[in-house]
Protein chains: 2
Amino acid sequence: MAGVKDVARLAGVSVATVSRVLNDSAPVTEETRARVLAAVAELGYRPNGVARSLRTDTTRTVGLVIGDILNPFFTELARAVEDEARSAGYSVVIGNADERPGRQDHYVRTLLEQRVDGLLLCPTAEITPLVRDVVRDGGPLVFLDRTLPGLDVPTVRADGTAAIGELVAHLARLGHRRVAFVSGPALLSTGRERTEAFVAALRANGLPVRPEYLEAGDFQAASGRASAARLLDLPEPPEVIFAGDNLMALGALDEIRARGLAIPGDVGLASYDDVPWFTHVDPPVTAIAQPVQDLGRRAVRALLERIARRPVEPEVLAARLVVRRSCGEPGPDRGAEDLAVRPLGAGPQGGDLTKEGSGPA
Amino acid sequence: MAGVKDVARLAGVSVATVSRVLNDSAPVTEETRARVLAAVAELGYRPNGVARSLRTDTTRTVGLVIGDILNPFFTELARAVEDEARSAGYSVVIGNADERPGRQDHYVRTLLEQRVDGLLLCPTAEITPLVRDVVRDGGPLVFLDRTLPGLDVPTVRADGTAAIGELVAHLARLGHRRVAFVSGPALLSTGRERTEAFVAALRANGLPVRPEYLEAGDFQAASGRASAARLLDLPEPPEVIFAGDNLMALGALDEIRARGLAIPGDVGLASYDDVPWFTHVDPPVTAIAQPVQDLGRRAVRALLERIARRPVEPEVLAARLVVRRSCGEPGPDRGAEDLAVRPLGAGPQGGDLTKEGSGPA
DNA sequence: TTGTATGCGTTATCAC
DNA sequence: GTGATAACGCATACAA
């Protein structure tokens, strides 16, 4: 493959001049510039990014380690991160931890060895020694979506406390008293916080807090299904199951369907995370939507600041409740107006409506 | 950051020995090896992959350019590719073309400059000059999911001809005669082939082929919605709309719901691609499932062969029909047994059942 | 078994 | 405005 040398020879200039033209790092005669460009085109020269990175000690690349690439929340997040990074001239290398600390470490290590300029990490449950090391080293690092306890790292995340409060109040208003929650891993901020917010909301609304209604899942569909099964097998099963993320909601849905139960007649369902297909489930699923685009955008901006060695503040965005009809909300069994029909890709946070499904006027 | 030199100095050996220990590329005394490893640990040394790649002319990295990261088909594919690549010691860098030739080229260029060892490309509709160049250069390249006409590149893809034939026969048996198809871009093999198979199947089943029932979409949700709108506005609208991919099916679903139409009463719906939530739509969506895992796995294997400079044959896998109830299939309106409840992540091609939803015995 | 020295392709420093 | 050359961090050919 052709290198700067070949280009230089063909254009009758030095390698230094070629480099100057390619990076316009110094003034060059219009004529020589043309000759160089012609040579580049003729040889089909493609600069060697590896060599360039070695020399400049920068890769114009950031790493993004997500929890689970099959989770629509994370793919939307990845999409947002990529858009923002690209517009800043950075490439994004995605690593899929699959919610496994081992995999996470694999990618963190790989990305670090690839010398990415910065790292966006949605940490898995455990604080691994590697992550601790990386934090200590002080390289550009931003936690996204999740925090880890006791680690001083700038974090961009959403807070669902208020939305969960609204949801529980909403359920209470609908007359429900037995509400169960399938949480994520307690070691994860997103797991712990949602549980705490849920319990607090129960208390605030005068609903009983029953330990057997607090299931511990792992954000994957299978655990949602297993938890739903245990809840439904209880002598006194809950009236509503609130899943801690969209995959566990899918799992719960699987279990409910498999038992031939009706929603919300036999059991209601609500979910943390909103995904496009929730509007097409029968009945449409009441959910809490995170500001995914914003999360991604801000995380990239924060990381770029860190890369520039500037300090950044943690950012906490608010999630919001989207009322549909899976919890026994009043409204027609089927209708046009009460189904959110938002353009896909616009993301859940577009618009300022906080309620859907109020039915025809 | 610490380099081999520092490690060498601390361990009291030469840089060559350090390298030998780290890559065990040559025999080293157990004792010196221990000293080196100790030094590595003490310094928290992380090898510089950039320098290594420059020296060895290999990055142990492959590029994967997908059509759209918000499309579950592609994320499942990416997942499969990553798994297979990782087990072969390769990292995967994902680029999201967003179905735009410009973006595709951006990532192809970036990946090439990053000197990935091989490239997996799901080409967008147009043959761009860049892609033509890359093909001509003859580097390790494999097309995945889609082919481009007139380009001699090894391709791994699924063929839905038989499954589409089955679907149309299925619809004919249900008594439908007016069936419309929303295709992907005609420039894409996946767009063209599905259309051709559809038309051929109509003829084979004695159903009329009406030009106004052939809509041209672009594999994105918005186009599915627009196409559905046009079809439903026809003086004689189709009885069933068959969407060329899952996103256009989602768009069509949006439009149908927005009009307050009943499925399958007012209009039936079928989709190419199967996704987990199709089982939870009301009614569950009849679909054609692609062997996504296999596609990803085989593509990686093919690429590794090309990296090793060995020739590979194109691979064509079969898609299969999954009958549910969105086309007026008989069966209860709701039930446990007729809803596919497959573990998420196992993927649509697990098992050999070709029908779901036959109802209780 | 170990050490020395060269070069990978580029950018940047310094002279001219 | 341009050219010669050192250096980036590592792997390896060759020497010992």
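All values derive from a computational prediction rather than experimental measurement. The chains referred to below are lettered A, B, ... by the order of the sequence lines, with proteins before strands, and numbering in each begins at 1.
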Of the listed nucleotides C:dT10, C:dT1, D:dA11, the one nearest the side chain of B:P27: C:dT1

Taken to the nearest 0.5 Å, the spacing of A:E31 CD from A:T29 OG1 works out to 7.0 Å

Distance, rounded to the nearest Å, where A:E31 contributes CD and D:dT2 contributes P: 8 Å

Over all strands shown, is B:D57 touching base, sugar-phosphate only, or nothing at heavy-atom distances under 4.0 angstrom? nothing

Just to be sure I understand the rule, does A:V13 reach a base, reach only the sugar-phosphate, or reach nothing, if contact means heavy atoms closer than 4.0 Å? sugar-phosphate

Please tell me if A:S14 has a side-chain N or O lying less than 4.0 Å from either OP1 or OP2 of D:dT2. no

Please report, rounded to the nearest Å, how far the C1' atom of D:dC8 is from the CZ atom of B:R55. 14 Å

Between C1' of D:dC8 and CG of B:D6, the distance in whole Å: 14 Å

Do any side-chain nitrogens or oxygens of B:T29 fall under 4.0 Å of OP1 or OP2 in C:dT2? yes

I need the CZ-C1' distance between B:R20 and C:dT4, as an integer number of Å. 10 Å

At under 4.0 Å, does any side-chain N or O of A:N48 touch on OP1 or OP2 of C:dC8? no

Whole Å only: how far is the CG atom of B:D24 from the P atom of C:dT1? 13 Å

Whole angstrom is fine here: how far is it from CG in B:L54 over to C1' in D:dT12? 14 Å

Hey, is CG on B:D137 packed in by over 12 heavy atoms from elsewhere, all under 6.0 Å? yes

Using atom CZ of A:R46 as one end and atom C1' of C:dT10 as the other, report the distance to the nearest whole Å. 17 Å

Is there a donor-acceptor contact under 3.5 Å linking the side chains of B:T124 and B:E99? no

Does OP1 or OP2 of C:dT2 have a side-chain N or O of B:T32 closer than 4.0 Å? yes

A:E305 and A:R301 ion-paired at < 4.0 Å: no

A:V15 near the nucleic acid: base, sugar-phosphate alone, or nothing, with a heavy-atom cut-off under 4.0 Å? base

Which residues pass the side-chain hydrogen bond (donor to acceptor under 3.5 Å, both in side chains) test with A:T75, not counting sequence neighbours? none

As a test of reading the structure: which of D:dG1, D:dA4, D:dC8 is closest to the side chain of A:A16, going by heavy atoms? D:dA4

Roughly, in whole Å, what's the span from NZ in B:K5 to P in C:dA5? 12 Å

